[in-house]
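Residues: numbered from 1 along the sequence shown.
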Amino acid sequence: MQIILVSGLSGSGKSIAIAVLEDIGYYCVDNLPLAMLQPLVDYLRHEGHARIAIAIDARSSASFAQLPTIAEALRGQGADASEGWHGRRR
């Protein structure tokens, strides 16, 4: 399973990125609370989705700092959940 996690503050273009990824065949979820990430991935894996993209608002909760740990756990479960920063800084 390939997972793309799109994160950023409000107005940073997450929804636009998600729309583009949906256009090229990803199953997409916008504005997912971080606490729902693992259950959603489990469900979509069970349903047979191979490529998913999920937008998470950087202000979603104090647990946002756990995103790298969660991405590592997803990789440990066999998902291609690459980390990286793309975009422009202000």
Side-chain angles (χ1 to χ4, degrees):
M1 171 180 270
Q2 184 180 31
I3 302 171
I4 296 177
L5 301 175
V6 180
S7 65
L9 296 173
S10 179
S12 64
K14 295 181 306 294
S15 295
I16 293 170
I18 288 294
V20 169
L21 290 164
E22 188 173 36
D23 287 347
I24 60 172
Y26 281 79
Y27 184 94
C28 295
V29 178
D30 199 357
N31 290 322
L32 184 76
L34 190 55
M36 297 300 300
L37 180 59
Q38 185 64 59
L40 176 67
V41 169
D42 293 342
Y43 173 76
L44 294 176
R45 180 180 289 126
H46 177 74
E47 292 295 311
H49 293 280
R51 299 185 333 157
I52 65 173
I54 302 166
I56 300 170
D57 192 305
R59 300 173 302 166
S60 64
S61 71
S63 64
F64 185 75
Q66 297 176 3
L67 187 55
T69 303
I70 293 169
E72 184 63 35
L74 292 171
R75 283 191 291 276
Q77 297 168 15
D80 177 6
S82 300
E83 290 182 70
W85 181 87
H86 304 281
R88 64 185 175 121
R89 297 181 189 211
R90 294 177 190 229

Atom CD1 of Ile3 and atom CZ of Arg75: how far apart are they, to the nearest 0.5 Å? 10.0 Å
When rounded to the nearest 0.5 angstrom, what is the spacing between CD in Glu72 and CD in Gln77? 11.0 Å
Result of checking Ile4, Val6, Ile18, Ile54 against Cys28 for side chain to side chain contact (heavy atoms under 4.5 Å, CB included): Ile18
Atom pair CG/CD of Asp30 and Glu22 - distance to nearest 0.5 Å: 9.5 Å
Using every non-hydrogen atom in the two residues, find where Ser7 and Lys14 come nearest and quote the distance to one decimal. C-CD, 3.7 Å
Locate the shortest heavy-atom distance separating Met1 from Leu44; write the atom from each residue and the value. CE-C, 3.8 Å
Got a second to check how far Met36's CE is from Tyr43's OH, nearest 0.5 Å? 12.0 Å
Checking the side chain of Arg51 only, and the main-chain atoms of Leu21 only, is there a donor and an acceptor separated by less than 3.5 Å? no
Would you give the length of the straight line joining atom CD1 of Ile52 to atom CG of Leu5, rounded to the nearest 0.5 angstrom? 8.0 Å
With rounding to the nearest 0.5 Å, note down the distance linking CG in Leu40 to CG in Leu32. 5.5 Å
